[in-house]
Number of protein chains: 2
Amino acid sequence: MPTDAIIRFLENYIPVSEGEKSLIQAPFEEHVLKRRQKLLRSGEVCKAYTFVVSGCFRMYGVDDRGFEHNIQFVAENDWIADMASFYTVKASLLNIEALEASRVLQIGQADLYRLYEEVPKLNRIFKVMIEHKYIELQNRVLQNFSSTAEQRYLDFLEQYKALANRLPNTQIASYLGITPEFLSRIRKNMQTKR
Amino acid sequence: MPTDAIIRFLENYIPVSEGEKSLIQAPFEEHVLKRRQKLLRSGEVCKAYTFVVSGCFRMYGVDDRGFEHNIQFVAENDWIADMASFYTVKASLLNIEALEASRVLQIGQADLYRLYEEVPKLNRIFKVMIEHKYIELQNRVLQNFSSTAEQRYLDFLEQYKALANRLPNTQIASYLGITPEFLSRIRKNMQTKR
DNA sequence: CTGATTTTTTAAACTAGGTCAAGGGTACCT
DNA sequence: AGGTACCCTTGACCTAGTTTAAAAAATCAG
């Protein structure tokens, strides 16, 4: 069953009984996406919390000049949602797009809130999960202090080794907040250094 | 009682019974800080979750060249902690420093975890609280996309009107990721524009 | 296998923001 | 009242990263 992956994920935090398992698994719906297809478009309300079974997504915003800026990448066995939009039920400023053909499981607001009631320990699990997400985001902010773009690129490669190979450099540049042209120059520079 | 402020804060989320109130209030310890005094130094483990009763703090990191970068400001009726260090019990990369004479209430890890058991609804409240913190941090990341420093400064003034008046411009510059000199130039420019 | 789309690289001109150095203002401590 | 520490501003010069444009390389869909 594809929802087994969710249970495995949750059990990394706290064990879950058989009865709870079926309660949890029931409301999730499976979806298959092609490369480039979107889970969320800015302007829409983010109506679902998404678990990635396979594939890879980027979450990005668009600035006033139309440039895209990646905020995070999410691959298999992780969750993605625009929490700001999901919890406030307001239009999202973000987009979520598949970078590869992907398979996901989604749960809507109403179902998730019902689950919180039926399986109260989910509050604890999701609290911890969001703490992890917060820490990850804070590390992203901290990383941006490393003054030069080259250092940030090296940090990125170290932290997301596995992912980095799957991502086009244009996407990485957008994450680092530089142009693809400049990233290309950084890479060239790094070669001649060693 | 100073811990009443905490109850008022929690009741913004979910009502709390009298019995729960005293359970919650018991473990908090009050501390008074002078301007410049630190709640947390990088290298230490963040051992306490702090509620600000009055005053104002900045959380900042220091880059490899010794420059400080403010990550967030927190004023009265809000919480501050380095979650990364608090929850992982590892050395923090951050500092927390009073920008004004301040009064705080602190709870340690062990006490907080015991409280989560005694008053399970705190899991729900803290989950929501951390969601809010996450959203705030994500907005910070998004705001940084507004390409020019001037736009980011205007956004900051709009979002933190009240706080902005209390903060020296050097601190604001450090938050915006620019030098105080350049912020000064932006401000001069804005005057001549209108 | 092939044409089409996307990605990566190069290079030259340009700009936002940084650096360094110095002067003046303000607030607090004693 | 006077000193010390902090804060804000200004100017001249410098550099990391952008822009634009164009071509080479890689990847994808049919």
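Chain naming here is simple, since letters A, B, ... match the order of the sequence lines and numbering starts at 1 in each.
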[X] [atom1] - [N] [atom2] separation (whole Å):
{"X": "Glu100(B)", "N": "dA27(C)", "atom1": "CD", "atom2": "C1'", "answer": "15 Å"}
{"X": "Ile186(B)", "N": "dT10(D)", "atom1": "CD1", "atom2": "P", "answer": "13 Å"}
{"X": "Arg185(A)", "N": "dA16(D)", "atom1": "CZ", "atom2": "P", "answer": "10 Å"}
{"X": "Lys34(B)", "N": "dC29(C)", "atom1": "NZ", "atom2": "P", "answer": "9 Å"}
{"X": "Arg36(B)", "N": "dC29(C)", "atom1": "CZ", "atom2": "P", "answer": "12 Å"}
{"X": "Asn169(A)", "N": "dT6(C)", "atom1": "CG", "atom2": "P", "answer": "17 Å"}
{"X": "Arg65(A)", "N": "dT20(D)", "atom1": "CZ", "atom2": "P", "answer": "9 Å"}
{"X": "Asn165(A)", "N": "dT8(C)", "atom1": "CG", "atom2": "P", "answer": "13 Å"}

Check: Are Lys121(A) and Glu20(A) close enough for a salt bridge, meaning some N to O gap below 4.0 Å?
Finding: yes
Closest to the [X] side chain, choosing from [options]:
{"X": "Phe182(B)", "options": "dT19(C), dG18(C), dT10(C)", "answer": "dG18(C)"}
{"X": "Glu181(A)", "options": "dC7(D), dT19(D), dT19(C)", "answer": "dT19(D)"}
{"X": "Ile178(B)", "options": "dA12(C), dT7(C), dG17(C)", "answer": "dG17(C)"}

Note to self: Is it the case that over 12 heavy atoms from other parts of the model lie below 6.0 angstrom from the CZ atom of Arg140(B)?
What the structure shows: yes
Check: Quick check: are there more than 12 heavy atoms from other residues, nucleotides or ligands sitting under 6.0 Å from CD of Glu29(B)?
Finding: no
Notebook entry, point to check: Reckon Ser184(B) touches a base, only the sugar-phosphate, or nothing at all at heavy-atom distances under 4.0 Å?
Noted result: base
Next item on the list: Classify the nucleic acid contact of Arg187(B) as base, sugar-phosphate or nothing, counting any heavy atom under 4.0 Å across all strands shown.
Entry: sugar-phosphate
Check: Between dG17(C) and Arg152(B), is there an OP1 or OP2 to side-chain N/O distance shorter than 4.0 Å?
Finding: yes
Margin query: Are Phe28(A) and Phe51(A), when compared by the centres of their aromatic rings, separated by less than 6.0 Å?
Written below: no
Next item on the list: For Pro168(B) and for Gly177(A), find the nucleotide of DNA chain D with the closest heavy atom, then tell me which residue's nucleotide is more 5'.
Entry: Pro168(B)
Next item on the list: Using the six-membered ring of Tyr60(B), assess whether NZ or CZ of Arg58(B) lies under 6.0 Å from its centre and within 45 degrees of the ring axis.
Entry: yes
